[in-house]
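Written out below as structure tokens is the structure these notes cover.
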Amino acid sequence: MFIINLLGIALIGFIVWWFWLYRSKDAVAVTENLSIRVENGVYQPTRIEIQANQASTLHFLRVDETPCAGQVIFPDLEISEDLPLNKVFSVELPALAPGEYDFHCQMQMYRGVVIAK
């Protein structure tokens with residue numbers, strides 16, 4: 001019984017870390033052909049660098065059929081878009097001041113960040 005409880009606590013800890021605490025360290029500069037894959041519970045890449053004070057376009061390719069993957073939200077920018085399955089969908093970002101801007105799905109399980117430099 002003790003082992004089952006211990007495994008349950010470890011699993012809960014892993015789930016919390018994976019969905020809410022884990023932050024990938026990779027940053028990718030945006031080019032016109034960069035596509036952000038929405039797959040297996042993550043955005044790939046999760047950290048995207050863009051030019052500050054210049055409008056940008058992000059291209060999302062959703063290959064994950066789960067309902068949570070169907071929407072991307074940029075809360076600080078008041079942008080919310082539905083992502084079609086297996087099609088590239090472009091999200092226009094306004095010129096951003098230098099800083100970090102989070103984006104996520106509606107349940108905040110898929111998470112990423114745009115870094116304006």
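Sequence positions, counted from 1, serve as the residue numbers for this chain.
In plain terms, the two heavy atoms of F74 and V91 that are nearest each other are CE1-CG1, 4.0 Å. Between P94 and I79, the closest heavy-atom pair is CD-CD1, 4.2 Å. Listed here is the closest heavy atom pair of P84 and R62: O-CB, 3.5 Å. A pairwise comparison of heavy atoms in A52 and A97 identifies CB-C, 4.4 Å as the closest pair. Minimum heavy-atom separation, H104 to Y43: C-OH, 3.4 Å. Residue P45 comes nearest to S35 through the heavy atom pair CD-O, 4.3 Å, listed as atom of the first residue, atom of the second, then distance.
Rounded to the nearest 0.5 Å, atoms CD1 (I50) and CG (L96) are 4.5 Å apart. Note: R111 CZ to R47 CZ = 12.0 Å, rounded to the nearest 0.5 Å. In this structure, CG in L93 is found 4.5 Å from CG in L58, a value given to the nearest 0.5 Å. L11 contributes atom CG, which lies 8.5 Å from atom CG of L7 (distance to the nearest 0.5 angstrom). With values rounded to the nearest 0.5 angstrom, E100 atom CD is found 9.0 Å from K117 atom NZ. Put simply, NE2 on H59 and CZ on R37 are 15.5 Å apart, with the number rounded to the nearest 0.5 Å.
Under a hydrophobic-cluster definition in which Ile, Leu, Val, Met, Phe, Trp and Tyr are linked whenever side-chain heavy atoms come within less than 4.5 Å, directly or via other members, V88 and V63 are assigned to the same cluster. Taking hydrophobic clusters as Ile, Leu, Val, Met, Phe, Trp and Tyr residues chained together by side-chain heavy-atom distances below 4.5 Å, L83 shares a cluster with M107. Linking ILVMFWY side-chain heavy atoms closer than 4.5 Å, directly or via other members, places F103 and I73 in two distinct hydrophobic clusters. Transitive grouping of hydrophobic side chains (ILVMFWY, heavy atoms separated by less than 4.5 Å) keeps V42 and L61 in distinct clusters. Under the 4.5 Å side-chain contact rule for hydrophobic residues, Y110 and L85 do not share a cluster.
At most 12 heavy atoms of other shown residues, nucleotides or ligands fall within 6.0 angstrom of atom CD1 in I3. The local environment of CG in L6 is crowded, with over 12 non-hydrogen atoms from other residues, nucleotides or ligands closer than 6.0 Å.
For the residue pair S56 / Q51, no side-chain donor-acceptor distance below 3.5 Å is found, with atom types taken as modelled.
Between the side chain of D64 and the main chain of N40, a donor-acceptor pair closer than 3.5 Å is present.
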